[in-house]
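Here's the structure we're looking at; comments come further down.
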Amino acid sequence: MKTLRIFLPVLCCISFFANAQATTHSSLASKSTQPLTTQPLTTETTVTPETTTVKTANTNSAQTLPIISEAEFSVCINLLSEKAKSAGISNNIINDNLAKANFNTRVIELDRQQPEFSLSFADYFNRRVTDQRVEQGRALMIKHRKLLNRVAQQYGVPAPYLLAFWGLETNYGGLFGNIRVVDSLATLACDTKRSDFFTGELISALRILEEGAIAPDKMVGSWAGAMGNFQFMPSAFLKNAVDYDGDNKRDLWNSTPDAMASAEKYLQSLGWQHSERWGREVKLPIDFPFLEAGLKNSRPLSEWRKLGVKRADNKPLSNDNVNASLLVPAGYHGPAFLVYANFNVIMHWNRSEFYALAVGLLADRIAGGGKLLQSPPEDGPRLRREQVITLQEQLNQKGFDVGIPDGIFGPGTRRAISEFQHQQNMIADGYPGVKILELLGVTIDSVKN
Ligand code: CA
C-alpha cells in the first residue's frame with residue numbers, strides 16, 4: 001500500500017470498470033471508466049474520473065508495448081518465487097500457482113492505455129447514476145435488508161452507501177473481471193512500471209490462496225488484480241476481508257455477507273462518520289464568489305451560509321461548525337454541492353471527485369431521494385488529451401501553475417482555470433468553456449458550447 005500511495009493516494013481497489021467500461025463504451029463513443037479505487041492506468045499521474053475515458057487498445061499499441069520473452073518471464077517468475085518464499089509462502093502454493101503463471105499481454109496493453117478524452121461531469125454522472133442502477137439498488141436493499149442492517153449496525157456505514165459502492169464497482173456483483181489474479185499480478189510485477197507495488201500485491205494474493213479463501217482457478221479479477229464484489233486489491237483483502245457467514249472462508253466473490261461486511265469494515269477503517277451525510281446539492285446566489293470553490297477550501301457551514309448558500313430545496317443550511325467544501329463540477333451553470341468529511345473517505349477509496357459524487361448521489365437516490373434539481377449540462381466540452389495538454393501548457397505559461405502537463409483535467413487544472421478566469425473578470429468556476437479555450441489558444445473543434 002505504501003508503494004501505491006507514491007503513485008496514487010488510492011487505498012483499496014483497482015476497479016475492474018477501468019477496462020470493462022472502456023471496452024463497453026468505446027464502441028459507443030469511447031468513454032468511460034473507472035470507479036472505486038484506483039486506476040493504475042496511468043502511472044503516477046492523477047487518475048480522476050474526469051479523465052477516465054480509456055481508449056480501447058489500438059492497433060499501434062503493440063508497437064509500444066514492452067516485449068518480454070518467455071525465457072525472461074520465466075526468470076522473473078523464479079525471482080518472484082524466491083521473494084514469495086522469503087515472505088513465508090509455502091512451496092505448494094508457489095509451485096501450483098506462481099510457477100504456472102502466464103504472461104498476459106492484454107494486461108500490459110490495458111495498463112498502457114491513456115484516456116482519449118476528458119469526461120465531463122454529465123458524461124460521467126449520467127452513465128453511472130442511471131435510473132436502472134437506482135432501481136436495482138433499491139430492490140437489493142429490500143432483498144438484503146437484514147444483512148445490510150446488521151453490517152451497518154456493526155461497522156457504521158448506512159446501507160445506501162454500501163449499495164452505491166457495490167453498484168459502481170461491479171454493477172452489484174455483475175462484473176468481477178475474469179482474468180486470473182496471479183496471472184495479471186505476475187505480469188505487472190515482471191513489467192518495469194510498478195514492479196515493487198505489484199510484487200507486493202502478488203505475494204498478498206498468494207497469501208489469500210494459502211489461507212484457502214478461494215480456489216486458485218476462481219481467483220479472478222480486473223486486469224490490475226482487483227477482486228470480487230467490491231474490487232479489493234489483495235493487500236486490502238488481507239487487511240479488511242471478513243468471514244461474515246461463518247464458513248471460515250473470506251470469500252469476496254461468492255459470499256454476499258462476506259463482501260458486504262468487508263466493504264463496511266474497510267470504509268470504517270478509512271474513518272466513515274456514521275451519523276453524517278456525504279454532502280448535498282445546494283443552491284448558490286447569483287453573485288457567489290466561485291474562487292471559494294474546491295475541495296481544499298473547507299470551512300464551517302455557518303460561513304457558507306453567510307455567503308448565501310442554501311440547500312437545493314431552498315431550506316437554510318444548518319448554522320453549525322461542520323466543515324464542508326463546495327464543488328461545481330460542471331461550472332456555474334451546473335449543480336453545486338457541499339461535501340463533508342465522508343466525501344473525503346470516499347476519495348480515499350477512489351481519488352476522484354466525480355466518483356465520490358456519484359457514490360453520494362447514487363446512495364441518496366437508493367435511499368429514496370429524487371434526481372438532481374440542477375442537471376449537469378450535457379453539451380459541455382469534451383477535450384481530447386492533447387487539447388488538455390495545450391490548455392495546461394498555456395496556463396503554465398501565463399503563470400497559473402498546473403504542474404507538468406499530463407493531459408488529465410483534474411482539480412489542479414480546474415483551479416488554475418478559476419484563477420485565470422478571475423484575472424479576466426469572468427465567472428471563476430474553473431469550467432473550460434468556449435471563451436476560456438479561445439483565450440488559451442485551444443482548438444475547439446469538438447466543443448459544442
Ligand atoms: Ca465466509
Side-chain angles (χ1 to χ4, degrees), residues 12-13 15-17 20-21 35-37 124-176 227-232 240-246 250-281 312-313 337 339-343 345-346 349-350 354-373:
C12 152
C13 332
S15 174
F16 167 66
F17 275 48
Q21 294 191 352
L36 185 50
T37 43
Y124 186 89
F125 177 78
N126 292 337
R127 286 166 195 210
R128 285 165 182 75
V129 186
T130 62
D131 288 345
Q132 186 185 13
R133 190 164 277 166
V134 170
E135 290 309 317
Q136 205 177 343
R138 288 173 178 170
L140 288 166
M141 192 154 75
I142 294 168
K143 180 180 176 184
H144 297 294
R145 186 177 299 282
K146 272 189 181 174
L147 170 63
L148 287 163
N149 286 343
R150 273 180 64 206
V151 293
Q153 198 159 22
Q154 184 167 347
Y155 297 103
V157 183
Y161 291 106
L162 196 61
L163 289 161
F165 278 105
W166 196 20
L168 290 168
E169 284 305 317
T170 60
N171 205 22
Y172 306 111
L175 294 167
F176 287 175
M227 308 180 301
N229 280 277
F230 289 86
Q231 296 285 279
F232 277 31
N240 300 288
V242 176
D243 168 29
Y244 207 70
D245 60 12
R250 304 193 287 176
D251 182 350
L252 302 191
W253 294 262
N254 305 300
S255 168
T256 305
D258 289 7
M260 287 185 172
S262 302
E264 285 265 346
K265 186 182 175 196
Y266 183 63
L267 288 166
Q268 182 190 49
S269 77
L270 294 178
W272 190 273
Q273 305 292 308
H274 66 90
S275 59
E276 290 186 17
R277 301 173 54 83
W278 65 276
R280 66 167 72 251
E281 187 182 359
D313 57 9
F337 305 96
V339 299
Y340 311 137
N342 281 336
F343 189 86
V345 172
I346 305 172
W349 182 297
N350 179 333
F354 286 5
Y355 178 83
L357 287 167
V359 167
L361 293 166
L362 179 57
D364 282 354
R365 289 207 57 203
I366 290 172
K371 296 186 176 185
L372 287 174
L373 294 179

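Nothing here was measured: the structure is a model prediction, and the numbers come from that model.
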**Item:** Side-chain heavy-atom pair Leu361, Phe337 within 4.5 angstrom cut-off
**Value:** yes

**Message:** How close do Ala263 and Leu162 get, counting heavy atoms only, and between which atoms?
**Reply:** CB-CD1, 3.5 Å

**Request:** Rounded to the nearest 0.5 Å, what's the gap from CD on Gln132 to CG on Asn171? Could you check?
**Result:** 7.5 Å

**Fill in**
Residues Leu148 and Ala159: closest non-hydrogen pair is CB-CB, 3.8 Å

**Message:** Rounded to the nearest 0.5 Å, what separates atom CE in Met227 from atom OG1 in Thr170?
**Reply:** 13.0 Å

**Request:** Please list, chain by chain and in numerical order, all residues satisfying side-chain contact (heavy atoms from CB on, under 4.5 Å) with Ala241, sequence neighbours excluded.
**Result:** Phe237, Arg250, Leu252, Ser262

**Request:** Applying ring-ring contact (aromatic ring centres under 6.0 Å, His included), name anything that partners Phe125, two or more places apart in sequence or on another chain.
**Result:** Phe121

**Item:** Closest contact, heavy atoms only, Ala152 versus Pro158
**Value:** CB-CA, 4.4 Å

**Asked** Which pair of heavy atoms, one from Ala358 and one from Tyr124, lies closest together, and at what distance?
**Response** CB-CE2, 4.0 Å

**Asked** Minimum heavy-atom separation for Leu373 to Ala312, with atom names?
**Response** CD1-O, 3.2 Å

**Item:** All side chain to side chain donor-acceptor pair (under 3.5 Å) counterparts of Asn254, not counting sequence neighbours
**Value:** Asp251

**Prompt:** How far does CD of Glu264 sit from CZ of Phe230, to the nearest 0.5 angstrom?
**Reply:** 8.5 Å

**Request:** In sequence, state the C-alpha distance, the side-chain angles, and the governing distance for Arg133 and Ile366, and then conclude on side-chain contact (heavy atoms from CB on, under 4.5 Å).
**Result:** CA-CA 9 Å; Arg133 190 164 277 166; Ile366 290 172; over 6 Å; no

**Asked** Which residues pass the side chain to side chain donor-acceptor pair (under 3.5 Å) test with Tyr244, sequence neighbours left out?
**Response** Gln154

**Message:** Among residues at least two apart in sequence or on other chains, which ones pass salt bridge (charged side-chain N to carboxylate O under 4.0 Å, His left out) with Asp243?
**Reply:** none

**Item:** Any pair counted as side chain to side chain donor-acceptor pair (under 3.5 Å), so long as it reaches residues 139-151, sequence neighbours left out
**Value:** none

**Prompt:** Does the side chain of Asp131 reach to within under 4.5 Å of the side chain of Lys371, using non-hydrogen atoms?
**Reply:** yes

Could you list the donor-acceptor pairs under 3.5 angstrom formed by side chains in residues 267-278, with sequence neighbours left out?
from, atom 1, to, atom 2, distance (Å)
Ser269, OG, Tyr266, O, 2.6
Gln273, NE2, Gly271, O, 2.9
Arg277, NE, Gly279, O, 3.0
Arg277, NH2, Gly279, O, 3.0
Arg277, NH2, Asp364, OD2, 3.2
Trp278, NE1, Gly360, O, 3.3
Trp278, NE1, Asp364, OD1, 3.4
Trp278, NE1, Asp364, OD2, 3.0

**Asked** side chain to side chain donor-acceptor pair (under 3.5 Å) with Asn229: which residues, sequence neighbours excluded?
**Response** Trp166

Would you give me the side-chain donor-acceptor pairs under 3.5 Å for residues 134-142, sequence neighbours excluded?
from, atom 1, to, atom 2, distance (Å)
Glu135, OE2, Arg138, NH1, 3.4
Arg138, NE, Arg365, O, 2.8
Arg138, NH2, Arg365, O, 2.6
Arg138, NH2, Gly369, O, 3.3

**Partners passing side chain to side chain donor-acceptor pair (under 3.5 Å) against Ser255 (at least two apart in sequence or in another chain)** = Asp245, Asp258

